[in-house]
Amino acid sequence: MNVLVLNSGSSSLKYQLFNMKTEDVLAKGLVERIGLDKSVITHKPTGKAKKELTQDLNNHKEALKIVLNLLVDKEAGVISSMDEINAVGHRVVHGAEEFSESALVTDEVYKAIEKCEVLAPLHNPANKMGISACSEIMPNTPQVAVFDTAFHQTMDATSYLYAIPYKYYEKYGVRRYGFHGTSHKYVFYKTAEFLGKKPEDLKVITCHIGNGASITAIDGGKVVDTSMGFTPLEGLVMGTRCGDLDPAILPFLMNNEDLTAKEMDKVLNKESGLVGLSGISSDMRDILKAAAEGDEKANNALNVYTYRVLKYIGAYTAALNGVDAVVFTAGIGENSVPVRKKIVEKLGWLGVQLDEEANKVMGEEKIISTTDSKVKVLVMPTDEEYMIAKDTYEIVKKHNI
Ligand SMILES: Nc1ncnc2c1ncn2[C@@H]1O[C@H](COP(=O)(O)OP(=O)(O)O)[C@@H](O)[C@H]1O
Ligand SMILES: CC(=O)OP(=O)(O)O
Ligand SMILES: [Mg+2]
């Protein structure tokens, strides 16, 4: 059975086509800058040459049409017709309290995803558009929604309640939900497998640091706490997002700068984080380069970024009452040697020592702490698309479709 996985971001569409019998990847790719001029499409069919295209794409539906055409293309294609796609799995960022596991997309499920749109305005509309585009293009192909929030539904009220009037939780569902759950879950179980330990005996802190970033404390497969909150804005410093701040800053700035709620939201989501602090870029590679060249603002951005991760590791070690492993994943976590070094060097109090040689790894699973470290530190590449494909396959089989 072939499963197409779609990971629709606010301006991008990542995809992979899996043969789930063999778990082989037939093709994968990425469409960037959707809605801006000159979208870039990078298509990588397994065993064939990579194909790059530049084209104006207004929305995810247009992006998806290009992707589907590439999959059946005479040269760059890997299947001969759309009938060879047996199911589609979608990353859906916000599932609120409605979904603690993945779900077959029905009219009801679609409506529930629509209801969550207000809680994740940067992500859910794109996810929804991906689903409706597939319904139009492949009306008879089953679709499954896999939620970023699902794994975090194992969290207790102690961690998910905010100390604001309880009526807002009851009325609007204002609480911590947490995101990147598919990645945190995958990395936790992979770490247990890699260390040869039973998952139920493991306490792990997973650091998913990419363009969006979150950190999760997991005890035996149950989420104890996670840094993202009601929306994917809370917690760590990100490429363009501020993460934690004093909530009183919002009314202060709105009054003094004459900003509407929407404008304020844009500042915090799109103009803050690394790009806001440095004035240079949201990309960690640019920040590292500028900091190495002596740019003070870039250096500050780097310090604020790594310090925030360190603080959360400290807090989550307490929340877990001890930790067995700290794991780095996603774009920066998997690839940035200097960022990991800056964080792990400050974990001596945890009985951790960095193995500088091992830390040179990029994009591979590896222990980067010395053998005598009390707590293990690892790099573990994430694979959200594989997790989505697996859930999709199992749900479609369960429903006998
Ligand atoms: N070698 C590297 N060194 C530092 N940062 C890197 C490196 N490679 C990728 N990144 C960072 O990873 C980020 C993308 O991570 P990714 O997990 O793909 O993010 P997202 O899924 O949120 O778009 C980029 O913004 C870039 O800053
Ligand atoms: C939830 C979230 O922030 O996702 P991403 O990192 O893909 O932006
Ligand atoms: Mg991501």
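Atoms within a ligand are numbered from 1 in the order they appear, just like the ligands themselves.
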Checklist entry - Taking everything shown except Lys376 itself, do over 12 heavy atoms lie less than 6.0 Å from its NZ? => result no
Side-chain donor-acceptor contacts of residues 304-311 below 3.5 Å, not counting sequence neighbours, with atom names and distances?
residue, atom, partner, partner atom, Å
Thr306, OG1, Leu302, O, 3.0
Thr306, OG1, Asn303, O, 3.3
Arg308, NH1, Gly235, O, 2.9

Item to check | Lys14 and Glu384 ion-paired at < 4.0 Å | outcome: no
Next on the checklist: Heavy atoms only: which of Met238, His94, Arg91, Lys14 lies closest to atom 1 (C) of ligand 2?
Outcome noted: Arg91
Next on the checklist: Out of all atoms in ligand 2, which are within 4.0 Å of some heavy atom of Phe179? Include the element for each.
Outcome noted: 1 (C)
Next on the checklist: Within the 4.0 Å heavy-atom shell around Pro232, which atoms of ligand 2 are there?
Outcome noted: 1 (C), 3 (O)
Just the distances, no angles: every ligand 1 N or O to protein N or O pair closer than 3.5 Å, one line each.
residue, atom, partner, partner atom, Å
ligand 1, 17 (O), Gly331, N, 3.0
ligand 1, 19 (O), Asn211, N, 3.1
ligand 1, 21 (O), Lys14, NZ, 3.0
ligand 1, 22 (O), Asn211, N, 3.3
ligand 1, 22 (O), Gly212, N, 3.2
ligand 1, 27 (O), Asp283, OD1, 3.1
ligand 1, 27 (O), Met284, N, 2.9

Item to check | ligand 2 atoms in contact with Met228 (distance to a heavy atom under 4.0 Å) | outcome: 3 (O)
Checklist entry - Is any N or O atom of Asp148, backbone or side chain, closer than 3.5 Å to an N or O atom of ligand 2? => result no
Item to check | Atoms of ligand 2, numbered as shown, that sit under 4.0 Å from any heavy atom of Gly212 | outcome: 6 (O)
Checklist entry - So does Lys360 pair up with Glu357, basic N to acidic O under 4.0 Å? => result yes
Next on the checklist: Students often mix this up, so state it plainly: with edges at 30° and 60°, are the rings of Tyr312 and Tyr316 parallel, tilted or perpendicular?
Outcome noted: perpendicular
Checklist entry - If we only count heavy atoms from C-beta on, is the Glu193 to Glu365 side-chain gap below 4.5 Å? => result no
Next on the checklist: Can you confirm whether more than 12 heavy atoms, excluding those of Lys342, are under 6.0 Å from its NZ atom?
Outcome noted: yes
Next on the checklist: Do the side chains of Lys398 and Glu394 get close enough for a salt bridge, i.e. N-O under 4.0 angstrom?
Outcome noted: no
Checklist entry - Hey, does Thr240 have a side-chain heavy atom less than 4.5 Å from the side chain of Asn269? => result no
Checklist entry - Nearest protein heavy atom to atom 5 (P) of ligand 2, by residue and atom, and its distance? => result His180 NE2, 3.7 Å
Item to check | Ring geometry between His94 and Phe179 (parallel below 30°, tilted from 30 to 60°, perpendicular above 60°) | outcome: perpendicular
Checklist outcome for this item: protein heavy-atom neighbour closest to atom 8 (O) of ligand 2 works out as Arg241 NH2, 2.8 Å
